[in-house]
Each structure stands twice: as C-alpha cells, then as structure tokens.
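The next block holds one structure in the form of structure tokens; read it before the comments.
Naming convention: chains lettered A, B, ... in sequence-line order (proteins, then strands); numbering from 1 in each chain.
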Amino acid sequence: MEIISPEGLRIDGRRPEEIRRFNCRLGVLSRADGSAYLEQGNTKALASINGPHQAGDKAKIKHDRVHINFQYSMATFSTNERRNRPKGDKRSIDISQLMREIFQSAILTDLYPKSQIDIHVQILQADGGNYSACINAATLALMDAGVPMKDFICSCTASLVDSKTIIDVNNSEELHFSNPLLTLAILPTSEEIILCQMKSRLHADHLEDILKAGIKGCKDIYEIMHREVLNHVREAAAVMNAT
Amino acid sequence: FRTLRPKEFYDRFIAENIRPDRRTFKQFRKTTVNVGSITTANGSALVKIGNTTMLCGIKTEFAVPKLDSPDHGYIVPNVDLPPLCSYRFRPGPPGEQAQVCSQYLADIIKSCNLINLKDLCIVKEKLAWVIYIDLLCLDCDGNVLDASVIAMLAALRSAKFPKVEIDEEVDKPIVSKDESFSLNVNDCPISSTFVLFDKNLILADPTSEEENLSSGYLTITVNNDDGLSNVLKPGGRGVNDAELNECITLAIKRARDMRDLLSKLC
C-alpha cells in the first residue's frame, strides 16, 4: 500500500504538505472554567480546565508556582480495538507527565503560587496525531479559561516517506513502521520548539527537512486556532455589550 | 447570592411556582439525540438533556460462552464519570455514582430482556459476542441516569456488527468486511428521574444544583407497553401514594415523547 500515490496524493486524497480538516470550538462545557472541542480529521479531542484553584494535595503545593495536574484519557471506543484501561495505565501516565512539562513551560506559572490547575483531555476518537490533538485542545481550553500564557502551543506530526516529507499523519500512515514519525510542538510566534519527540530511526541528514515541515504544519494550525479564538472573544464581547 | 445561599435562592423561585431556568416543576429539559458520530465504534450516540451530555460507544469482542449457558453472549454496560464533566469527580477508578449508574443499566437490560442473549451466540459452546456499552459523561448537570438510558438505547438501535462465519477446516472465525447486521432491540425503556424536597415538593429532571439541595430522588423506568420495568427510590424523605402515582403518570408521558424522538432517528 503506497502512502504517496504516483500522482502525489496520500491515501485520504491530501497533498503531502496539507494538514487535515481542522475544526475547533471553545466554551463547549458548562461546568468547566474553560473547555474546547477539537477535530483534526477524524481524531476528536475534548479538553476541560478547572482552576486555578486551591491545591487539593498538600504535598503538591509549590510555594512559588502553580501546580499543573494533567490527565490524558482515551475513551474505550476511541480506537479500533477496545481499550480496556482508558487511564491509569503506564502509557497514559507517561503522556500525562509529558504534557505537564510542556504546559509548565508555556503557562505563566509564577502568577498563581500555591494553586493548582487541572487539565483533563479526553480523546473521543483516535485516528493518528493523538498527542497533537491533545496539546492543541488543551491550549484552546486554557485560552477559554483565561489562563495567562506566553503564547499558543501548536502541535503537529510529520513523517518522511520516500524522501518526501508529509505532515499531519493519520492512523493508517502512522502504522507503517518503517517511516519515522516526529511529533512537534512549538510556540508559533518565536518558533521555539517545546516538544520534539521521535521514536524511530532517522538519518541525521533528513532531520532538518522533517523539522521544517513540522514547523510549517504547526504554523498552519496556529492560524486556524488564532482565528477561532478571536471569533470566540468577539462573540463573547458582543453578548456582554448587549446585556 | 446563588453560591452563598442556594437554598434561599431556590425558595424565592419556588414561591412563584417556577425554577431558575424558567421551567415549571414537572417540566423536562430539552433533549437532543445524535447518532453515529464515533466511526471507530460499532455504534455511538450523543445525548444532551439540557447541559448534561452523555456519549455512548458500543464495541464488540469475541468470547467463550459460560459453561451453564452455552448459547448466550454477554452485554456489559459501563458508565464513566471523569473529572472532565464536573469538578466534583476525582480521577481514578469509577466512583459510587458511576457504579450505581452502571448497575442500574444492567438491571434495565435484564428486566426488559433488551437483547436476546441467544442472538449473540455464533457457535454454541465455543464463540459468542461480548457487547461493551461504554458511556462517557462529558458534562454533568444533573440527571445522568436518564441521559445514559437514552444514549444506550440510541446507540444499540443504530449499531452495526459484522457477520461472522466459521471456517470449518481451520476452525477460525472469519469476520466479513461487507456484511453487517443490526441488533434486535426488544423493548424501549425510558427512565424519568424526580427529586424530592420537603413540603410535598417534587421536581422532575433535576439539574446538578437541584440534586445537591434535594432530600432524595426517585427514578421510574417505563417500557414499551407503558408498564413499569424498574423503580428506584433509595432512602430520602418518604413519598405517599398520590405523589407516586403522579410521578408514574409523568414518567409514562415522558417515555412516549422520548420513544417518538428515538423512532425518528433509528
């Protein structure tokens, strides 16, 4: 099965440098301080923020920074094979830890000492790029909650197929083990790389190409996210002015 | 005022015979149902009652039937109330409310004989389907039970399962990629929840705030022939005959409305 057909199209009809259809909405949950729903192609993620509030666990209180509590959970029906343990297994805890470090670097943590922010991301359908969807959804939810941040965190995946780079990899492309998969998260305005993760073999010469492609993908996603946040704020302001 | 003194806040509205969200005491919130949004699942449904949102996903696996019922499959309902839906829930194994909800759904499946377990058998004594009904609460604003029941029904009715044949020589199941079948759902039980306050006050379809202020609840499940299939009233203040009858009448009407809604969809 070819990932890139002879005409240069991928399995789902995209060109190699095209990201999947990106849909997002802020403020979808009534009970959370901030929430966002995000669809990257068929991957669907829902994020909710509670806080900043008083830290629950005395052991975790940091006297000068906010403590970020991150929970990543995949619904049992989100993958093709039913997942028996949606959370609490090693992988979820590993991912939660990773996400906590990422957001620690972007949220202005000094503003809320001795407090806690709970971030909970639920993956409703997993079709590749789960970590990216998770980071993007959490960023949008933090924007909705009004938590001060240095910048958006935008994330995208990239891979290398027959020396051509492809971005925003979906599940069937991910399963091809011979291709390297790079997950990248950046602060878009400064192009600083916050997360760079690759768990396969890649020749050092290709690293620059695949990084550039990843950064471009992240910036494409940033444009859509930025536009959506501005729309949301505009609507909220209109409602407030009307009342 | 609402957060500091919720009881007084509510008393003011109740004196005028109305609730803060402008409903009358016996009115149910607007209910919407959406099926088929999760394509990785065999069947899925998203139900919103007011702000309360439940997502149901159905997945299947193979299993060996039990020894004492060799031609029965399994149905396993499971409700998950993650911290996502409300700040009251802590992360970790399912809490009390989730377990109670799961057990209630299992009781309904059994009492209405919702799915004939014999339909789930592929090869007697060797192979049968297990149907996992996973309900995920995305937003908890009271009355999770009712939303779960409707979501479960909608997902079961719209679910598609692949046909399985046994390859005789190798004795292995072959899952067909093209042919699928739907389940025969025998009944259509709809539940209605009421909360009890002092002074003979009963409110239908409570929000989270009302649940916190209440002194008891009552859930009535009505099946297809307008008969009662499950009644649950755990503790709380007592109800008399007249109140119970009134609730049953309301539950029957609500069941009819919900059945119409579901039949338009699936």
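Only the side chain of A/Asn50 comes within less than 4.5 Å of a heavy atom in chain B; its backbone stays farther off. With a 4.5 Å cut-off on non-hydrogen atoms, B/Leu138 touches chain A through its backbone and its side chain both.
Other residues, nucleotides and ligands contribute only 12 or fewer heavy atoms inside 6.0 Å of the CD atom of B/Glu165. Summarising the local packing, CD of B/Glu8 is surrounded by more than 12 heavy atoms from other residues, nucleotides or ligands at distances under 6.0 Å. Within 6.0 Å of NZ on B/Lys163 lie more than 12 heavy atoms contributed by other residues, nucleotides or ligands. For A/Arg25, the CZ atom counts as loosely surrounded, since its 6.0 Å shell holds 12 or fewer non-hydrogen atoms of other residues, nucleotides or ligands.
Between A/Phe77 and B/Cys56, the shortest heavy-atom distance links the atoms CE2-C, 4.3 Å. When all heavy atoms of A/Lys44 and B/Ser37 are compared, the closest pair comes out as NZ-O, 3.0 Å.
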> What's the verdict on side chain to side chain contact (heavy atoms under 4.5 Å, CB included) for B/Lys59 and A/Thr76, showing C-alpha distance, side-chain angles and the deciding distance?
Replying inline: CA-CA 8 Å; B/Lys59 296 284 289 174; A/Thr76 45; 5.9 Å; no

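Annotation: the span from B/Thr40 atom OG1 to A/Asp127 atom CG amounts to 8.5 Å, rounded to 0.5 Å. Separation of atoms CG (B/Leu136) and OG (A/Ser78) is listed at 10.0 Å; rounding is to 0.5 Å.
When each of B/Asp139, B/Thr52, B/Thr207 is checked for a side-chain contact (heavy atoms from CB on, under 4.5 Å) with A/Ser30, only B/Asp139 meets the rule.
Put simply, of B/Asp141, B/Ile58, B/Leu55, the one with the most heavy-atom pairs under 4.5 Å next to chain A is B/Leu55.
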